[in-house]
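Counting convention: from 1, in listed order, for ligands and their atoms alike. Basis for what follows: all heavy atoms, side chains included, without hydrogens, waters or symmetry-related copies. In this text, all values refer to a predicted model and were calculated from it rather than measured experimentally.
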Amino acid sequence: MTTTDQWVSPPARIADPDEAISADELRLATRNHGMPLEGLRYDVTPPGLHYLLIHYDIPDVDAAAWRLRVGGHVAHPLQLSLDDLRRRPRVTRRVTLECAGNGRARLHPRPISQPWLDEAVGTAEWTGTPLAGVLREAVVLSDAVDVTFTGADHGIERGAEQDYRRGLPIAEAERDDVLLAYEMNGQPLPPQHGAPVRLIVPGWYGMAHVKWLVDITVLDRAFDGYQNNTSYRIKHDADDLGDPVTRIRPRALMHPPGFPDFQTRTRIVEHGRHELTGRAWSGRSAVNRVEVSTDDGASWAEADLDPPPSLYAWQRWRFTWDAAAPGRHVLRVRAGDDEGVQPVDAAWNRQGVVNSHAQRVVVYVR
Ligand SMILES: Nc1nc2c(c(=O)[nH]1)N[C@H]1C(S)=C(S)[C@@H](COP(=O)(O)O)O[C@H]1N2
Ligand SMILES: [Mo]
C-alpha cells in the first residue's frame, strides 16, 4: 500500500521566511538527539552521547531469530545468523558518522525535516566482519551495479510507504573497510544504533550506514528507491533530480570554552589565554588544516592539528586564544581537506543536506 494522503504524510516543504520551529520538528529533534558539544572531548564518543537519527521507529528485532539474507545477482544466496557473522573474521574500525542534514536548521529558508544545528556527529569503534568477504562467498555476478541494504524498520515518508532501504554502488560495497557491525565501543549494538547488525561505510554520510540490517540484494541496475532517488539529493528545485549525497565534506567543531548560560548557551570566559579545542573530519581525505576566527569570520588563523587516528575518524585540533578584550566575541572554526575548505556560510539546497557552514560560538569575556 502506498499512502498519498497529505494529512498522514505531507509533501516536502520549505518553511516560510519567519516560520518558527513547529511541534512536529521539535518532536523529531527530541527523538533524534545530537551529540552535546562537550562530547568533542572524547576520542571515542560514549554511546549515549553519540547522535541518533531514526526515520521511523526502532524495530523490535530478536537477535536469536535474526537472519541476514544475501541475494539478487549472486551465484550463491546466503542466510546468515548472528553466530555465523561472529565466526567470520573480526575487525574493529574507528569511524566518525555525521548526518547529511547536519546544520539544516541554520539555513534560510529552512527545509522542514529533522532540525539539526551543529551536533549530528559522533565517533565509535565499530566491530564486525568485512562485507567484502560475505559478498565473495555469495559470488557476485559480473553484471552487478548496485547493492541495496534494507532495515527491519518501516514507515511512510512524503507519502511513500517503505522499509528503510539504501543502494550503494558495487565498487563501494566491495571496499575492504565496509563492515557488517555487531558491536559499538566493545558492546553489542544498542537498539537505537541498529541492533543486532548494521552497515558501516566509512567516509559516507550517515544515511548509508543502514541499521537493523535484514537484507542485502545485489542489483544489475542502479537502485532507484526513495532513499537514493527522492531523498538525500542536493537539489535546488522540487523537480530537479539533483546530485546524490555520498561522502562527508570537511567540517570542524569547537568544544565551546568557559561555561554556558542555561537558556541561550552563550559562553562566559575570564579574560586571558584559553586553549580552544575540538575535532575535525572529512570523508573524502584526511583533514589537512583547521582555521579559527575570533572575529566572526573577518580573519582566520591556523590551528594545530593532530594526525588522524585512522582515515575516517575525527582529528583533534587546538588553538590558543588570547581573550584580552572584555565583551562579546564570536568564535568560528572551519576545516579543509585535499579537495577544498569548508564554506563559512553553507550554500542553500532544498533538503538542507551537505551544508557544512563554519560553526559560530558566541562568548562573553569578563
Ligand atoms: N534502517 C535504518 N538505518 C538508518 C536510518 C534509519 O532510519 N533506518 N537512519 C540513517 C541516518 S539518516 C543516519 S544519519 C544514521 C544515524 O546513525 P546513528 O543513529 O547510529 O547515529 O543511520 C542511518 N541508518
Ligand atoms: Mo541522517
Side-chain angles (χ1 to χ4, degrees), residues 28-36 39 44-61 66 68 95-105 111 113-126 128 148-158 160-168 178-185 187-216 225-228 230-234 244-249 251 281 283 314 351-356:
L28 284 175
T30 56
R31 285 184 57 80
N32 298 310
H33 66 75
M35 183 190 71
V44 172
T45 312
L49 296 186
H50 194 286
Y51 88 98
L52 275 184
L53 197 298
I54 297 154
H55 284 228
Y56 315 130
D57 287 351
I58 298 171
D60 183 12
V61 185
W66 177 88
L68 176 62
V95 177
T96 296
L97 253 59
E98 182 182 17
C99 182
N102 201 13
R104 175 183 291 125
S113 183
Q114 165 72 22
W116 292 123
L117 294 171
D118 302 299
E119 313 88 334
V121 66
T123 297
E125 302 264 16
W126 302 101
T148 68
F149 299 87
T150 307
D153 49 333
H154 187 88
I156 306 180
E157 219 164 314
R158 315 297 191 202
E161 185 171 338
Q162 57 193 285
D163 295 337
Y164 187 88
R165 187 179 184 198
R166 275 281 307 182
L168 192 66
V178 173
L179 292 182
L180 298 171
Y182 45 75
E183 288 177 17
M184 180 185 192
N185 301 347
Q187 299 294 320
L189 285 190
Q192 68 274 27
H193 289 293
V197 174
R198 79 177 303 171
L199 187 67
I200 293 292
V201 187
W204 281 56
Y205 278 110
M207 73 285 151
H209 306 241
V210 176
K211 303 194 271 190
W212 313 293
L213 187 64
V214 290
D215 183 272
I216 299 177
Y226 185 93
Q227 301 297 342
N228 285 70
T230 302
S231 204
Y232 300 108
R233 310 290 304 194
I234 304 168
V245 175
T246 60
R247 284 175 181 257
I248 301 175
R249 304 263 176 100
R251 188 193 290 265
W281 62 91
W314 59 24
Q351 296 180 352
V353 286
V354 190
N355 54 88
S356 60

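- Tyr51 OH, 3.0 Å is the protein heavy atom nearest to atom 14 (S) of ligand 1.
- Atom-to-atom distance recorded for Tyr232:OH and Arg166:CZ is 7.5 Å, nearest 0.5 angstrom.
- The OH atom of Tyr56 sits 7.0 Å away from the CG atom of Asp153 when rounded to the nearest 0.5 Å.
- Scanning the protein for heavy atoms near atom 7 (O) of ligand 1, the closest one is His55 N, 2.8 Å.
- Between Lys211 and ligand 1, at least one N/O pair is under 3.5 Å apart.
- Closest approach of Leu53 to Lys211, counting heavy atoms only: O-NZ, 3.0 Å.
- Interatomic distance, CZ of Arg198 versus CD of Glu183, reported as 14.0 Å (0.5 Å rounding).
- Atoms of ligand 1 found under 4.0 Å from any heavy atom of Trp212, numbered from 1 in the order shown, are 1 (N), 2 (C), 8 (N).
- Considering only non-hydrogen protein atoms, atom 8 (N) of ligand 1 sits nearest to Asp153 OD2, 2.6 Å.
- For ligand 1, one of its N or O atoms has an N or O atom of His209 under 3.5 Å away.
- With distances taken over non-hydrogen atoms, the option nearest atom 9 (N) of ligand 1 out of Ile54, Leu53, Ile58 is Leu53.
- Between the side chains of Asn32 and Gln114, at least one donor N or O lies within less than 3.5 Å of an accepting N or O.
- In this structure, the separation between OG1 on Thr30 and CG on Leu52 is 11.5 Å, given to the nearest 0.5 Å.
- From Gln351, atom CD reaches atom CZ of Arg104 across 8.0 Å, with rounding to the nearest 0.5 Å.
- Between Trp281 and Trp314, the two ring planes are tilted [angle within 30° to 60°].
- Looking at Arg198 next to ligand 1, an N or O pair under 3.5 Å apart turns up.
- For Tyr56, no nitrogen or oxygen atom sits less than 3.5 Å from a nitrogen or oxygen atom of ligand 1, counting backbone and side chain alike.
- Given atom 12 (S) of ligand 1, the protein heavy atom at minimum distance is Tyr232 OH, 3.0 Å.
- Atom numbering of ligand 1 starts at 1 in the shown order; those under 4.0 Å from a heavy atom of His50 are 21 (O).
- Ligand 1 places these atoms under 4.0 Å from at least one heavy atom of Cys99: 14 (S).
- Of all protein heavy atoms, the one closest to atom 10 (C) of ligand 1 is Tyr164 OH, 3.7 Å.
- Of all atoms in ligand 1, numbered sequentially from 1 with element shown, those under 4.0 Å from a heavy atom of Val210 are 1 (N), 3 (N), 24 (N).
- Gly206 O, 3.4 Å is the protein heavy atom nearest to atom 15 (C) of ligand 1.
- When only modelled atom types and interatomic distance are considered, Arg165 and Thr148 share a side-chain donor-acceptor pair under 3.5 Å.
- Inspection of the Glu157 and His55 side chains reveals an N or O donor paired with an N or O acceptor under 3.5 Å.
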